[in-house]
Amino acid sequence: MMNASTIMFYDKNSCSNVAIGSGIYPAIAMMNHSCYSNTVCIYNGTTATVKTTQNIVQGSQLFNSYGVDFESVERNIRQENLKAQYDFDCRCLACILDWKRNDHVRVIVCQSCSSTVCVALPDSKCSVCCFHVGNILSEDVTILEEMY
């Protein structure tokens, strides 16, 4: 049995990831899944870089998304996909609380690189440049639209 990572391309227009291939990255394969992951994998050719998307307390676990997240897929479909492909029932915060897309997510413009960024909590980081977005409800951040 082999654990391969799905190589994703981030489409900033739709604020979603698009699968473009698979690769074997042993360190990434050791990370557990969360539908509200605190990391993002950035692929450049055959190199994978993991960056945090939230402030993480020292000693806390890093979570990766196994291709499904609460921002784009409803809980029942995520659960079915994870069970079929990875044989586990997800018990992440987004699944336990049954977060809906519009409950926690805003789409904003990153003040550092001007990329479109999906943020779920005030400590989120831009997935492109890792700039700390800050409080999404503050006046110094432009809210483009709420996710629906």
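Side chains are part of it too, since the values below use all heavy atoms of this structure and drop only hydrogens, waters and symmetry mates.
Residues Gln79 and Cys90 approach most closely at NE2-O, 3.0 Å, considering heavy atoms. Nearest heavy-atom pair across Cys35 and Arg78 is SG-NE, 3.0 Å. Closest non-hydrogen pair, Ser60 versus Ile56, comes out as CB-CG2, 3.8 Å. Considering every non-hydrogen atom in both Thr53 and Thr39, the closest pair reads OG1-N, 3.6 Å.
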* **Verdict with reasoning, Phe70 to Asp98, per side-chain contact (heavy atoms from CB on, under 4.5 Å)** => CA-CA 9 Å; Phe70 87 94; Asp98 193 16; over 6 Å; no

* Stepwise side-chain contact (heavy atoms from CB on, under 4.5 Å) test for Leu62 and Asn38 -> CA-CA 6 Å; Leu62 298 177; Asn38 56 12; 4.2 Å; yes

* Take His33 and Phe88 through the test side-chain contact (heavy atoms from CB on, under 4.5 Å) and record every step on the way to the result. => CA-CA 10 Å; His33 165 81; Phe88 74 91; 3.9 Å; yes

* Would Leu82 and Val68 count as a side-chain contact (heavy atoms from CB on, under 4.5 Å) if you check the C-alpha gap in whole Å, the side-chain angles of each, and the deciding distance to 0.1 Å? -> CA-CA 8 Å; Leu82 292 167; Val68 293; 3.8 Å; yes

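Partners of Asp87 under the side-chain contact (heavy atoms from CB on, under 4.5 Å) rule, at least two apart in sequence or in another chain, are Lys83. Remark: Thr49 pairs with Thr47, Lys51 by the side-chain contact (heavy atoms from CB on, under 4.5 Å) rule, at least two apart or across chains. Scored by the side-chain contact (heavy atoms from CB on, under 4.5 Å) test, Ser34 finds Tyr36, Phe63, Cys92 as partners (sequence neighbours excluded).
For the pair Cys41/Ile28, a side-chain contact is recorded, criterion being any heavy-atom separation below 4.5 Å from C-beta on.
Formation of a donor-acceptor pair under 3.5 Å by the Asn81 side chain with backbone atoms of Ala84 is not found in this model.
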